[in-house]
Every structure is written in structure tokens, then in C-alpha cells.
Amino acid sequence: MAMTLSQKILAAHAGLDNVVAGQLITADLDLVLGNDITSPVAIKEIQAHGGGNVFDKSKVALVMDHFVPNKDIKSAEQCKCCREFAHAQGVENFFDVGQMGIEHALLPEKGLVGAGDLVIGADSHTCTYGALGAFSTGVGSTDMAYGMLTGKAWFKVPSAIKVVLKGKKPTHVSGKDVILHLIGVIGVSGALYKSLEFTGDGCADMTMDDRLTICNMAIEAGAKNGIFACDDITLAYLGEHCKKTPKIFAADKDAEYEREVVIELDKLKPTVSFPHLPENTHTVDEIGDIRIDQVVIGSCTNGRISDLRAAAEVLKGRKVNENVRTIIIPATQSIYMQALKEGLIEIFIEAGAVVSTPTCGPCLGGYMGILASGEKCVATTNRNFVGRMGATDSEIYLASPYVAACSAVLGKIGVL
Amino acid sequence: MKGFVHKYKDNVNTDEIIPARYLNDSSPAALAAHCMEDIDRDFVKKVHAGDIIVAEKNFGCGSSREHAPISIKASGVSCVIACDFARIFFRNCINIGLPILECPEAAKDAENGDEMEVDLVTGSIKNLTKGKEYSVPPFPPEIRAIIARGGLLNK
């Protein structure tokens with residue numbers, strides 16, 4: 001029976017010629033990921049069940065990124081737990097302060113994920129690596145523990161939605177606008193248990209950073225994974241970053257999809273998700289006068305160099321509004337360094353923004369930009385749930401780095 | 001298992017089940033102390049051992065934090081019933097042995113304070129307050145095996 005791209009990768013890792021949607025399989029993993037919040041739970045589970053060794057020291061990645069540099073004693077203890085485990089087990093890909101970055105920006109940059117890989121991570125945004133042509137999905141800490149010990153995980157084979165991208169994006173429309181638009185169309189549970197497979201001639205107009213942002217937010221539509229087929233753009237990126245030989249899979253021509261959604265890229269406009277769900281989308285031209293208190297540009301969704309460049313293009317020679325605390329967070333050390341070399345950091349500081357070391361910090365209301373009661377924030381992050389960035393009656397508006405930077409200057413949501 | 005219903009709407013996310021500001025401590029007791037805090041401030045005071053959380057669509061969406069089902073389980077909740085669940089939350093519940101059932105009819109009918117009884121072996125759900133009975137198909141054998149041994153890591 002014909003298979004989708006996601007099903008092809010799962011079948012290959014389960015040693016099966018064929019899989020069908022709904023089938024339960026056990027598959028071999030190419031990488032198991034965890035962070036400073038989810039890994040301690042997995043490590044304690046392993047210890048509580050009699051210990052054991054990781055299945056492959058090169059196929060486990062532990063990234064200290066959520067509450068790092070540590071925000072309090074308890075966070076420091078969690079990192080200590082990870083650090084001691086990594087050292088005792090000889091985990092090769094342990095990233096601590098100084099080497100770390102936000103995990104989903106860091107792993108592609110370090111070449112740890114290749115095309116055709118099967119990856120699980122104890123972080124819901126692990127779906128990001130679909131941009132590289134991998135099947136990659138978020139799991140919990142127990143799956144991570146089991147994966148670290150055995151190199152395997154159980155999966156229910158997903159059905160899929162085909163997302164056909166057509167044409168080219170207008171200026172100032174980015175991958176973020178594409179995924180926010182899609183979530184607005186299908187809803188936050190529109191792809192529940194399913195794959196989102198991106199295809200169409202518009203893929204050629206999607207840079208790797210666009211694809212990473214799009215796949216990153218597949219989970220916000222409930223998807224198990226988001227994926228772009230490996231093409232020249234993927235191979236160029238992997239050639240620069242990854243030593244693994246790409247395993248190139250393609251969906252069968254007659255693969256069955258539950259639904260097809262067509263996005264005409266040239267008709268898209270900068271898009272903003274209103275509180276408190278990513279599906280509450282509005283195009284920027286239909287937004288009234290919404291004054292804001294804070295802007296956050298960063299996260300695993302939009303903290304890459306192209307995101308910082310988009311923000312700098314707006315902020316160069318301008319000042320952020322005096323009422324808007326503007327926080328910019330390069331996602332990795334390498335991105336930070338690149339931004340420094342390009343003069344972007346100087347532009348941000350001149351504009352009145354602050355620039356932080358890589359951290360997930362404010363995205364999940366950890367630290368480094370918590371909102372007070374009633375405050376409003378435009379963020380390039382991925383979730384605008386109740387209380388996500390602070391007080392339960394604060395509000396988060398999700399947008400692209402371009403819209404966020406313009407809003408910082410204007411003091412309200414909008415574009416220049 | 002038998003208990004009283006705590007009823008919630010669509011799209012309850014894991015940030016609401018356990019806010020990230022409490023994720024610097026993963027002990028079940030610490031997490032249970034803040035369970036549902038941002039959506040139902042008094043939940044921790046109201047909940048009794050055996051109670052049942054009932055919600056509508058897409059329960060447990062958002063972050064993969066296993067702290068969410070851990071906090072629910074440690075708060076004494078015996079079972080979660082919903083129209084459907086976000087997939088990471090679903091597998092986390094299976095993996096830690098927190099019973100969950102997908103039953104749109106039972107989920108929609110139930111109201112706060114209803115008394116419900118669940119039999120996981122037969123797949124029977126009774127709303128004793130409303131005098132209604134529902135049934136759900138059993139999990140596939142592979143999933144039942146994980147539940148039967150009390151979690152994925154148990155032998």
C-alpha cells in the first residue's frame with residue numbers, strides 16, 4: 001500500500017516493508033533529546049528502575065536551555081542532575097552554558113540530525129527537524145528514558161494532511177506567517193495525531209530557516225510531526241552542517257492524505273495570533289489599536305540569524321518605543337557571534353533593546369521577561385496560552401520577527 | 001474506580017495543568033501542589049482521592065512536560081476522560097500508568113460534581129448522577145501491556 005513520506009521513514013526504522021495509519025510499531029531511533037526540565041525526570045526514572053547505560057553515547061543529546069544560566073537553586077540542581085548523568089554515562093552531546101543554545105536551533109546547527117533520521121525529544125518542539133527531511137516528534141520523559149536505554153520507541157503510525165505551498169511569499173512575509181496562517185485555517189487540533197507534509201512549488205521559496213520555523217509549530221496544530229521532503233535546499237544546509245549521509249525518502253505518488261490544504265503564498269500577509277490560542281489569527285492590516293508593554297524576539301521558533309537580520313533591518317537607525325521593553329535572544333552561541341560580527345547586536349542596543357545569552361527563558365514564563373498583570377507582549381515564540389509568559393491575565397500576541405520589531409518601534413501591534 | 005467530576009472545556013494545555021514556573025522541581029508532591037492552578041485556582045483544595053477529570057476536545061495540548069500527568073496523578077485523580085487528547089499527553093499518561101479514556105459522549109454529558117464510575121477492564125463508564133452508561137473500545141494489546149505493568153519502564 002502507498003505510504004506518505006512520514007510513513008516511509010517510520011517503516012524503514014521499524015524494519016518493515018510497509019506500514020499503515022493506526023498501526024502500532026516499535027522503531028529504532030537515530031537520536032534521543034532532552035533538556036534541563038525534562039531530562040531530570042527521565043534520569044530519575046532510569047535510576048528508580050535499577051539504572052542502566054545509554055544505548056549509544058553519540059545518539060543522546062542533552063541540552064541545558066530552559067532555565068539556563070540557572071535562574072534559581074532548584075534549576076541549578078536540575079542541571080547538576082543532567083551534568084552528572086552525562087559525565088557518568090559519557091554522553092557525547094551534552095551542551096552546557098558556553099556551548100549550549102536553544103535545543104531546536106542548536107541540533108541542526110551542530111549537524112546532529114540528518115535527512116531520513118528518526119528522532120524523539122522530550123520537548124514538544126522536537127518536530128522542528130522535519131525541516132531537514134527527518135521524522136521527528138516530541139515525547140515525554142518516560143519515552144526519553146526508554147529511548148536512551150534501548151534506542152527504541154513505540155509509535156502509532158500517523159495519517160497525514162498534505163499542505164501544498166504555491167507561488168512565492170511577498171516581502172515581509174516569512175515562514176512564521178505561513179505556519180500561523182495554516183494553524184488559523186485548520187485549528188489547534190486540526191492535525192491531531194497526524195503528520196503535516198509540506199509540498200508544492202512554493203517549497204523552493206522556503207529557506208531552511210523558514211522550514212525550521214514552520215515545522216517547529218506543527219505541534220501547535222496538534223500534529224505528530226511536520227516535514228519537508230529533502231531537496232536541494234536541504235542538501236545544501238546538511239552539506240554545510242551534517243556529516244551523516246542523507247537518507248532520502250519520498251512520499252508515494254498515490255499516497256493517501258486525509259486532507260489537502262492549499263496555501264497561495266503570494267496572498268499571505270503578515271499574521272498575528274491573538275490570545276490565548278495560536279489559531280486566533282488576524283492579518284496585521286485588520287488589527288486595531290493594541291498598545292503593548294513588551295516585545296520578545298527569539299526562541300526555538302524565531303531566534304535564528306535570519307530572524308535577527310529581519311529585526312535589525314527594522315530597528316536600524318530607529319528607537320524602540322519608550323513603553324516597550326524589547327528583549328532579543330539569539331538562539332545559539334554561534335548565532336550570537338554571527339549577529340555580533342554583522343553589527344546586529346549594536347543595532348539592537350542602539351535602538352534601546354536588550355540582548356540576552358541563549359535561553360528559552362521568557363517563552364515559557366521561566367524568567368528573563370515575565371509579564372505583570374494585564375500586560376501585553378508581541379512575541380516571536382510559539383504559544384500564547386493563558387499565563388504562558390507570566391500573569392494569567394497578561395496577553396501574548398504571536399508574530400514574525402519583522403512584525404515584532406515594527407511593533408516595538410510603534411508601541412502597538414503593527415507594521416511600519 | 002469511582003469519583004466526582006472536575007469538568008473542563010476544550011484545549012486545556014499543559015501550561016494550565018502545571019505552569020512552567022513550577023518546573024524547577026519535578027517531585028510529584030511539589031507538582032501536585034500546583035495542579036490546574038492557572039485554570040482552576042481551587043482545584044488542589046477541592047480534589048479528593050479517586051476524583052475524575054473530564055474535559056472536552058484536545059486535552060493536554062502544548063508542551064510535552066510529563067510533569068502534567070504526574071501532577072494530575074499525584075493530586076489523587078484516578079482517571080481522565082475527554083473527547084480526545086493531545087498526542088504527547090496521551091502517550092505520557094500511558095507511559096506513567098495514569099488511566100485515560102476517549103469518550104466524547106461521556107465527556108460532553110458530564111458536569112462538575114457528577115459522580116462517575118469507570119471500569120477499565122470492560123471499558124464501561126457510568127455517570128451515576130445522570131443515570132447514563134457509556135462504553136469505550138479497549139486499548140490495543142501493546143498499549144494494554146504497558147498499562148498492565150504500570151508504566152513503560154516497568155518490567
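First the proteins, then the strands, lettered A, B, ... as listed; each starts at 1.
- Side-chain contact of A:N225 with A:S195: a donor-acceptor pair under 3.5 Å is present, judged by distance alone.
- With a 4.5 angstrom heavy-atom cutoff, B:N154 touches chain A via backbone and side-chain atoms both.
- Among the candidates A:G365, A:P40, A:A145, A:G140, the residue making the largest number of heavy-atom pairs closer than 4.5 Å to chain B is A:G140.
- For A:F385 and A:H276, the ring centers sit 6.0 Å or farther from each other.
- Of all the listed residues (A:K224, A:K71, A:E45), the one sharing the greatest number of non-hydrogen pairs under 4.5 Å with chain B is A:K224.
- Of the listed residues A:T392, A:V386, A:V139, the one with more heavy-atom pairs under 4.5 angstrom with chain B than any other is A:V139.
- A:F67 touches chain B through its side chain: at least one heavy atom from C-beta onward sits under 4.5 Å away, while N, CA, C and O do not.
- Counted by atom type alone, A:S273 and A:N280 present zero donor-acceptor pairs between their side chains at under 3.5 Å.
- Ranked by non-hydrogen atom pairs under 4.5 Å with chain A, the options B:G62, B:G151, B:S27 are led by B:G62.
- Residue contact with chain B, scored on non-hydrogen atoms closer than 4.5 Å, involves the side chain of A:D72 exclusively.
- Checked against the 6.0 Å centroid criterion, the rings of B:H48 and B:F4 do not qualify as a close aromatic pair.
- Per-residue heavy-atom pair counts under 4.5 Å with chain B were compared for A:E77, A:R388, A:H125, A:M144, and the maximum is reached by A:R388.
- Residues A:S124 and A:R383 have side chains that bring a donor and an acceptor to within less than 3.5 angstrom of each other.
- Highest contact tally toward chain A, considering only B:L152, B:L23, B:N11, B:N92, is held by B:L152 [criterion: heavy-atom pairs under 4.5 Å].
- Defined by atom type and a distance below 3.5 Å, a donor-acceptor pair is present between the side-chain atoms of A:N216 and A:T301.
- A:I396 and A:A379 get closest at one heavy-atom pair: CG2-CB, 4.1 Å.
- A:S394 and A:E375 share no side-chain donor-acceptor pair at under 3.5 Å.
- Between chain A and the residues B:H67, B:E142, B:R91, B:K155, the most heavy-atom pairs under 4.5 angstrom are made by B:R91.
- Side chains of A:Y367 and A:S75: no donor on one and acceptor on the other come within 3.5 Å.
- For chain B, the nearby parts of A:L364 are the backbone and the side chain; heavy atoms of each come within less than 4.5 Å.
- Within the 4.5 angstrom heavy-atom criterion, only side-chain atoms of B:I146, from C-beta onward, approach chain A.
- Looking at A:Q78, only its side chain comes within 4.5 Å of chain B, counting heavy atoms on both sides.
- Annotation: maximal heavy-atom pairing with chain A below 4.5 Å, among B:L153, B:D38, B:D84, B:D15, occurs at B:L153.
- For the set A:V188, A:T38, A:I370, the entry with the most heavy-atom pairs within less than 4.5 Å of chain B is A:V188.
- There is a side-chain donor-acceptor pair under 3.5 Å between A:H104 and A:D123.
- Only the side chain of A:I219 comes within less than 4.5 Å of a heavy atom of chain B; its backbone N, CA, C and O stay farther away.
- Only the side chain of A:L277 comes within less than 4.5 Å of a heavy atom in chain B; its backbone stays farther off.
- The six-membered or imidazole ring of B:F59 lies away from that of B:Y8, with a centre-to-centre distance of 6.0 Å or more.
- Contact of B:F90 with chain A is made through the side chain alone, with heavy-atom distances under 4.5 Å.
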